[in-house]
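Accompanying notes for the structure given below.
Since this is a predicted model, take the numbers as computed values, not measurements.
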Amino acid sequence: MQVKEGTLTTTGATVIITDTTKQSYTYGEWFRIDKRENGTWKELEPITEEYWFNLNGYSVGSDNKLEIKQSWGSLYGELGQGKYRLVKKVNNHDIYVEFEINES
């Protein structure tokens, strides 16, 4: 998984999942954001208790890629400066992509 170039903001990003396995996986909308603090990853606390994820499932295309727009502003607010990772679950396994927010 990678962040699509030019899409990262403090409230979201487009991620590209590349899957070249022979398995047929379905990718959902669920995600979480972790922040790197003192050498360990800590799950961010949502800013609201009223959130949900649609149960839609997506598969990679013929090019073995899937683009998903992930918007976390309503769930976590704007992310401040730091190192983060976006985590998704696939067949009970975590996949993630790390990214960094820098001050402008």
Side-chain angles (χ1 to χ4, degrees):
M1 186 162 53
Q2 68 188 62
V3 173
K4 184 175 182 179
E5 190 172 332
T7 66
L8 178 63
T9 70
T10 58
T11 59
T14 298
V15 295
I16 301 171
I17 297 171
T18 303
D19 184 351
T20 58
T21 66
K22 304 249 185 250
Q23 301 291 326
S24 178
Y25 292 115
T26 301
Y27 301 88
E29 292 186 8
W30 180 91
F31 69 92
R32 78 168 193 261
I33 301 287
D34 297 339
K35 184 174 184 180
R36 187 92 171 158
E37 294 179 354
N38 299 320
T40 58
W41 290 106
K42 307 255 182 186
E43 184 176 342
L44 291 181
E45 291 290 326
I47 59 173
T48 181
E49 293 181 13
E50 297 183 22
Y51 65 92
W52 65 90
F53 294 97
N54 290 321
L55 296 178
N56 297 337
Y58 306 95
S59 300
V60 296
S62 59
D63 61 353
N64 297 321
K65 294 184 182 202
L66 171 65
E67 284 191 24
I68 300 177
K69 292 181 182 178
Q70 300 285 189
S71 177
W72 54 75
S74 61
L75 183 57
Y76 297 110
E78 287 191 43
L79 300 182
Q81 183 175 349
K83 293 186 179 191
Y84 297 90
R85 69 180 179 185
L86 182 138
V87 181
K88 295 186 77 58
K89 287 210 177 286
V90 180
N91 288 7
N92 295 320
H93 296 285
D94 289 346
I95 62 171
Y96 59 88
V97 61
E98 296 180 18
F99 60 93
E100 190 166 349
I101 302 289
N102 297 307
E103 285 188 295
S104 302

### Task
Mark yes or no for whether K35, through its side chain, and W41, through its backbone, hold a donor-acceptor pair below 3.5 Å.
no
#### Entry: Atom pair CD (E45) and CG (L75), whose distance is rounded to the nearest 0.5 Å
10.5 Å
### Partners passing salt bridge (charged side-chain N to carboxylate O under 4.0 Å, His left out) against K83 (at least two apart in sequence or in another chain)
none
### Query
Which of these, V3, T14, L79, V15, sits in a side chain to side chain contact (heavy atoms under 4.5 Å, CB included) with L8?
V3
### Message
Taking D34 first and then K42, would you say they form a salt bridge - that is, a charged N and a carboxylate O separated by under 4.0 Å?
### Response
no
### Task
Could you list who else is in W52's hydrophobic cluster, with ILVMFWY side chains joined at under 4.5 Å, directly or through other members?
none
#### Entry: Side-chain donor-acceptor pair present, D94, Y96, cut-off under 3.5 Å
no
### Task
Compare all side-chain heavy atoms of D19 with those of L66 and state whether any distance is below 4.5 angstrom.
no
### Query
Do the side chains of L44 and I47 join up, straight or via other hydrophobic residues, at under 4.5 Å, putting them in one cluster?
no
### Query
Side chains of R85 and R32: closer than 4.5 Å at any heavy-atom pair?
yes
### Task
Could you tell me which residues satisfy side chain to side chain donor-acceptor pair (under 3.5 Å) with T9, sequence neighbours excluded, listed by chain and number?
T11
### Task
Enter the distance from K88:NZ to I68:CD1 here, rounded to the nearest 0.5 Å.
4.5 Å
### Message
In the structure I gave you, are the side-chain heavy atoms of L86 and M1 within less than 4.5 Å of one another anywhere?
### Response
yes
### Query
Taking it one step at a time, do V60 and K65 satisfy side-chain contact (heavy atoms from CB on, under 4.5 Å)?
CA-CA 5 Å; V60 296; K65 294 184 182 202; 5.7 Å; no
### Query
Can you find a pair of side-chain heavy atoms, one from I95 and one from Y27, that are under 4.5 Å apart?
yes
### Message
Among residues at least two apart in sequence or on other chains, which ones pass side chain to side chain donor-acceptor pair (under 3.5 Å) with R36?
### Response
none
### Task
Could you go through the side-chain contact (heavy atoms from CB on, under 4.5 Å) check for N91 and Q23 one step at a time?
CA-CA 11 Å; N91 288 7; Q23 301 291 326; over 6 Å; no
### Query
Are V90 and I16 connected, step by step, through hydrophobic side chains (Ile, Leu, Val, Met, Phe, Trp, Tyr) whose heavy atoms are closer than 4.5 Å?
no
#### Entry: Closest non-hydrogen atom pair between Y25 and S59, with its separation
O-OG, 3.7 Å
### Cluster check F53, V87: I/L/V/M/F/W/Y, side chain < 4.5 angstrom
no
### Message
So which atom in K4 and which in E67 form the shortest heavy-atom distance, rounded to 0.1 Å?
### Response
NZ-OE1, 3.2 Å
### Message
Under the rule for ring-ring contact (aromatic ring centres under 6.0 Å, His included), what residues qualify as partners of F99, not counting sequence neighbours?
### Response
W72, Y84
### Query
When rounded to the nearest 0.5 angstrom, what distance separates CD in Q2 from OG1 in T18?
5.5 Å
### More than 12 heavy atoms of other groups within 6.0 Å of E5 CD
no
### Query
Can you name the salt bridge (charged side-chain N to carboxylate O under 4.0 Å, His left out) partners of E98, sequence neighbours left out?
none
